[in-house]
Amino acid sequence: MAHITYIEAISKGLWEEMERDSSVFLLGEDIGPFGGAFKVTKGFLQHFGVNRVIDTVLAETAILGAATGAAVVGMRPIAEMQFADFVTTGFSQLVNNSASIHYRWHLPCPMVVRLPSGAGIHGGPFHSRNPEAWFFHQPGFKIVAPSTPYDAKGLIKAAIRDNNPVLYLEHKRLYRHIKGEVPETDYIVEIGKGDVKRSGNDISIITYGSMVHTALEAADVVQNENGVSVEVIDLRSLMPLDTELIFASVRKTGKVLIAHEDNITGGIGGEIAALISDQCFQYLDAPVKRIGAIDTPTPYSPTLEEFFLPNTKKVIAAVQELAAF
Amino acid sequence: MAHITYIEAISKGLWEEMERDSSVFLLGEDIGPFGGAFKVTKGFLQHFGVNRVIDTVLAETAILGAATGAAVVGMRPIAEMQFADFVTTGFSQLVNNSASIHYRWHLPCPMVVRLPSGAGIHGGPFHSRNPEAWFFHQPGFKIVAPSTPYDAKGLIKAAIRDNNPVLYLEHKRLYRHIKGEVPETDYIVEIGKGDVKRSGNDISIITYGSMVHTALEAADVVQNENGVSVEVIDLRSLMPLDTELIFASVRKTGKVLIAHEDNITGGIGGEIAALISDQCFQYLDAPVKRIGAIDTPTPYSPTLEEFFLPNTKKVIAAVQELAAF
Amino acid sequence: MKTTKRSNPVKLSKVNAGKNSQRPHSLTQKEYLQLYYFMRLTREFEESILKLYRQGKIVGGAYTGNGNEATAVGSAFALGENDYLFPMHRDMGAHLVKGQSLRNLMLQHMGRGNSLSKGRDGTGHYADPSLKIYGNISHLGAMIPMAVGVALASTLRKEKAVVLTYIGDGGSNVGDVHESLAMASVMKLPLILIIENNQFAYSTPVAKQKAMEKYSDRAAGYGIPGVTIDGTDLELVYKTCKTAVERARAGEGPTVIESVTMRMHGHSAHDGAEYVPKTLLAEWKKKDPVQRIEKLLQDKKILTSKIKEEYEKKIFAELEDAVQFAIDSPYPPAEDAAVGVYAV
Amino acid sequence: MKTTKRSNPVKLSKVNAGKNSQRPHSLTQKEYLQLYYFMRLTREFEESILKLYRQGKIVGGAYTGNGNEATAVGSAFALGENDYLFPMHRDMGAHLVKGQSLRNLMLQHMGRGNSLSKGRDGTGHYADPSLKIYGNISHLGAMIPMAVGVALASTLRKEKAVVLTYIGDGGSNVGDVHESLAMASVMKLPLILIIENNQFAYSTPVAKQKAMEKYSDRAAGYGIPGVTIDGTDLELVYKTCKTAVERARAGEGPTVIESVTMRMHGHSAHDGAEYVPKTLLAEWKKKDPVQRIEKLLQDKKILTSKIKEEYEKKIFAELEDAVQFAIDSPYPPAEDAAVGVYAV
Ligand SMILES: Cc1ncc(C[n+]2csc(CCOP(=O)(O)OP(=O)(O)O)c2C)c(N)n1
Ligand SMILES: Cc1ncc(C[n+]2csc(CCOP(=O)(O)OP(=O)(O)O)c2C)c(N)n1
Ligand SMILES: [Mg+2]
Ligand SMILES: [Mg+2]
């Protein structure tokens, strides 16, 4: 066991998989000598060489398309977007090519796209994107969003071993703020399996990524202040969803809050709420509630961004409202 | 009143607005002498001239970006995507520039993007896209999807007069298969207002675009065969949603089927189901059900596409299931 | 169910000269005949597609490369077995030369369950790894970044295999093409891009797609060679591509070849193309690539009427077989639609 | 709340010579001094931004154009009042020349509620229609298609106004740039694109961004003029842009100008740029654009120490005022975040 940060866990996972499988390689902007904008691949070039750690031209369509092509002929590329926001510049490659390769061509497309995501760092409208919902709607992707160092390492390794295009959402605010125990030994976190990060009986919070920590903080507060027992489900995988785990929790608690940092409208919380309302209809003691960023671009000023984002206070209020229902 | 097709209604609406406002102009591929792949702008070049009907290079990013730029300085561009599918090639311009111009710059961005959408014409994976969900999730767009000639004309005129980027989804299968009465006199259909296309008491079908006709067919069948009274709500506007109208219908019937041609998972039906489950919790006598295309790319073979798409039979089955609940 | 591959002319066992084609630029008699065979095969195949389209036997639209046969056939003929092909919608001849069977192509056009895409997509939209053919998608230019990725994989794995791909005069303006050439040129990847300038992009004349004289003028903007050639001259296409292939194989990087041709048919089978000046068609008809090679080989006394008849018999027989085979093949079972989004 | 616009040097009433700048290429004494003033103003403004960044007073990141001042100032100086400016993140000098006030720029960098973007975005990311400045977004290249649209609007409305925009050596590879040049060249739009080749894209040396010799080599691929110039030579930048502006205004279409400079600072204030060879910086330091123009004007006896002091006094006073004004200005009220997604 090592006590490491979220970002160290990602690096370790990448490193181990590159050691294990020579068909794995990295491509992206400034990932070589510089080690990447967030230093995730620091030292990789020196160890793995220029054929495994490839600095590209500044061109996301080329990066994502090249990763797709290389994957189709048997390599295992890992493409880094410098910020998740810039995946929009190569959007067509992912939704038109990568996602449907297997359905159309019956060939695996084992690629990973690393997406440094999320707000709360005063990045403004163009360095704060949570891009999951667009790809969640496009059949063919797997999407993961770890919240802890353990999950971050286990999921990057699983993503690399998966034979489908996997979008790996790594939250920038968690990079250096979250530390945790991570095995030195080889392990993966299975894609499609959520995790009960806190068990409780009164209310289920279904969440992922950065909001897991927000939910856990809120859960402690309402436990102490209101004696409300909250269960926190960390989805970990957004596609496929662990509906088993979600429904089991809902059947137990009967009350649900879905929380994500992404904008509410059209976010994946809507799909989850719809699934729960459909599949757990008889078990619901209250309407399924959702919390997320308000429906605006991510504003730049601290005051605005604070108002824009969900936070512990807002989650507590939502939980208390549900408890009172 | 003229009895005209859906596609004629779109053309008439465009024509009238171009006559009314000289700042309105068209740009796109093959829209000039050729009159567009679907002939929506046939005869426009001859009447309005090369400065109002502009054939562009084959480059959607340039088309959508140029429309955005022209709109920001006071023109009212209407960009045609030859097929909705190709909007992915200019995705970044829309979600990064157009959608947030007003929020960031406090300037109007009065542009319309025409999106010939939808499947059922054996177009295969790349000529059948229903693109609404991606943009539904991006704050800043208005999105309309008419189902009748009356709405098609009224909504294109409203879209052109709107000071925001409006995505106008025109369903290819409706172009020449749907005829209806359309006033010669000036009128608009207000964006944000849905329409009760059939009133009923037992079950509400919330739908839009091509599925409105499927729903109406199904409603007649279950009325006759099962004596079930179905209300069909045509959203017409997907963003903003007419939640008033939706909730009123749900409060009346207590049972809801949401139907769209787009893939189910992550489609806007999820958001609508979530809103209903939240806001109409006490009124629901059955779980909110959804029907749509299965979660795959649009397959090419007739047998596959038939299985892939929702149709009258499937809607009838879903309604009967709800009725029996 | 896999069906017979490569449609071979009588006695010709193999088109490609070994794994990494080292065929000299000058063509042997045998090669001339192979080329002629594939030119005719391409033309006759597309004619039968049009006939089937009019009979309502094609699912969706039908595209032909009439006028483009020399470009499609001559370019693919410069490839070796291990080389990769990313053809466009006017390049049926390239599919055939690379070894695709008429049966598989017919099955694709009729959306049958035993087609290479299993009916999920049509026409040339399929992949056949056994022949290293990776078809296009509808989005113009979108396959080129993937071709770059394959060229990168080939380089990383020291395959010495090259990647040949295509784009039209209209599609050349899509950003994907630019990003691909930027990446391929900096990485010196074994990529050959043929720009098929066939005078029109759907209804839009090429004058409305470009302000420069030649598409090959864009190559200098990436520091790579660019040439413009008469795309109806089969030998010239082959030799130009051969040079580019050898250059790529030697690790000297990408080449852009603008092949000037004419789209002799409508954009697709439903398009009457009234917007194309009759005089322009008449001009280009004189350069019909199939007639050109036929005349050349007759003048060279390589193509005898006996061989010609033999080939025609074979071609029509094969076509009949392929059409019948496809018609007799069932559509995929409906429930198949739900299967295969993910690889296991 | 609107704040004072254009930061004018002493006595200089107007920078732009009338609506559609017809200023001759040769610079008057007064113009030389205006240019010098804006060069110093740009340099000092960015220095104070860095100071504020280190003091934690800037929201988010801070970018400077140190080494790029002549390109930013000289290019914008070639514009008239009615011309449009789409500046990039190294072009603070262009904002200033086009008339933006230090107060507004400080407010932007500090995310204040009375900034032009009302705190929704930072740095140069704002629009000021009164000055025809439309800022970039973070996505490199994404503003250029919009600039093309403005150039189209200008043409359709017969404004005779030109559009000046910029991209970096890295950003030039983004597809948006290609599609923009393809459209602008075919439509002969009044667009000027300056490619700021400052040797690096973040940590990536330009040798890894291009295989051709010059970025201006790409212009021929669109049939438009392309030149490469020393971007530290203020006069040369101005005159080159002036020629391009007049060409565009005359309806002769776009021009690409590669301005070769050096990014003397890190990519942004947090970046130590250890990856940049010290020798390279030393080389370029000799060509410091601000020192170059200072020396030139001193040699020409245009810039006296008296004027220099005067300007410095004025600049530092204005900067102090702007900083204080911004610091004293409140952040927007939190609830503002929910307002203004749609125009009414
Ligand atoms: C990105 C994109 N935009 C638009 C289309 C619609 N479309 C299909 S073919 C075509 C014309 C293509 O012309 P060109 O590239 O010259 O190829 P050609 O058909 O002439 O061989 C168009 C506009 C498309 N397929 N992809
Ligand atoms: C489409 C896109 N990809 C990646 C980035 C991240 N990024 C911001 S600036 C930068 C380097 C830009 O280099 P260059 O274009 O040369 O401009 P410079 O900063 O050197 O002036 C990168 C990679 C971005 N902003 N946009
Ligand atoms: Mg063409
Ligand atoms: Mg640079």
Side-chain angles (χ1 to χ4, degrees), chain A residues 22-23 25 27 49-52 54-77 79 89-111 138-142 162-166 191-192 239-240, chain C residues 84 86 116-122 125-129 132-159 161 163 165 174-187 189 191 222 337-344:
Chain A
S22 63
S23 68
F25 72 97
L27 72 168
V50 291
N51 288 344
R52 306 282 307 279
I54 302 175
D55 266 332
T56 67
V57 290
L58 200 163
E60 284 73 15
T61 292
I63 292 167
L64 296 168
T68 307
V72 166
V73 295
M75 306 285 287
R76 291 186 170 274
T89 306
F91 188 77
S92 167
Q93 286 300 314
L94 287 178
V95 299
N96 293 316
N97 279 328
S98 326
S100 60
I101 290 277
H102 190 263
Y103 190 75
R104 293 179 291 114
W105 285 0
H106 315 288
L107 296 173
C109 184
M111 64 186 278
Q138 172 64 50
F141 292 111
K142 294 187 179 180
D162 198 279
N163 282 328
N164 298 281
V166 182
I191 296 177
M239 180 61 68
Chain C
Y84 298 89
F86 282 75
L116 286 162
S117 74
K118 299 188 181 154
R120 276 98 193 274
D121 205 347
H125 296 202
Y126 69 86
D128 189 343
K132 304 220 165 149
I133 299 173
Y134 299 88
N136 59 309
I137 67 170
S138 300
H139 292 63
L140 295 162
M143 73 173 166
I144 302 178
M146 282 185 64
V148 169
V150 172
L152 173 60
S154 167
T155 304
L156 295 175
R157 297 190 296 212
K158 307 197 170 30
E159 289 178 14
V163 181
T165 189
V174 175
D176 299 31
V177 180
H178 173 64
E179 296 197 14
S180 297
L181 290 176
M183 180 177 276
S185 59
V186 168
M187 293 183 173
L189 298 178
L191 181 82
Y222 307 96
V339 181
V341 168
Y342 290 117
V344 287

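All values derive from a computational prediction rather than experimental measurement. Chain letters run A, B, ... following the sequence lines, proteins first and then strands; every chain starts at 1.
Heavy atoms of V344(C) lying under 4.5 Å from chain A belong exclusively to its backbone. Heavy atoms of K118(C) lying under 4.5 Å from chain A belong to its backbone as well as its side chain. Both the backbone and the side chain of Y134(C) come within less than 4.5 Å of a heavy atom in chain A. Residue contact with chain A, scored on non-hydrogen atoms closer than 4.5 Å, involves the side chain of V186(C) exclusively. Contacts between F25(A) and chain C at a heavy-atom distance below 4.5 Å involve the side chain alone, from C-beta outward. Both the backbone and the side chain of Y342(C) come within contact range of chain A, judged by heavy atoms closer than 4.5 Å.
Looking only at heavy-atom pairs under 4.5 Å with chain C, the residue among N97(A), I63(A), T56(A) that has the most is N97(A). For the set I54(A), N96(A), T68(A), N51(A), the entry with the most heavy-atom pairs within less than 4.5 Å of chain C is N96(A). Heavy-atom pairs under 4.5 Å with chain A peak, among G119(C), A153(C), A127(C), at A127(C).
Using a 4.5 Å cut-off on side-chain heavy atoms (C-beta onward), V73(A) and R157(C) make contact. Under the 4.5 Å side-chain criterion, counting only non-hydrogen atoms from C-beta, T155(C) is not in contact with M187(C). Using a 4.5 Å heavy-atom threshold, the side chains of N163(A) and R76(A) count as touching. Side chains of R104(A) and S117(C) form no contact here, defined as non-hydrogen atoms less than 4.5 Å apart.
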L189(C) vs V148(C), side-chain contact (heavy atoms from CB on, under 4.5 Å): CA-CA, chis, key distance, verdict: CA-CA 7 Å; L189(C) 298 178; V148(C) 169; 3.7 Å; yes

side-chain contact (heavy atoms from CB on, under 4.5 Å) for M239(A) and N164(A)? Distances and angles first, verdict last. CA-CA 12 Å; M239(A) 180 61 68; N164(A) 298 281; over 6 Å; no

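For the side chain to side chain donor-acceptor pair (under 3.5 Å) condition, the pairs that include at least one residue of residues 176-185 of chain C, sequence neighbours left out, are Q93(A)-D176(C), H178(C)-Y222(C).
Between the side chain of Y126(C) and the backbone N or O of R120(C), no donor-acceptor pair lies under 3.5 Å. T61(A) contributes a side-chain N or O that, together with a main-chain N or O of T89(A), makes up a donor-acceptor pair within less than 3.5 Å.
For the atom pair E60(A) CD and L94(A) CG, the distance stands at 11.0 Å (nearest 0.5 Å).
Residues of residues 136-143 of chain C placed with any heavy atom under 4.5 Å of a heavy atom in chain A are listed by number as I137(C), H139(C), A142(C).
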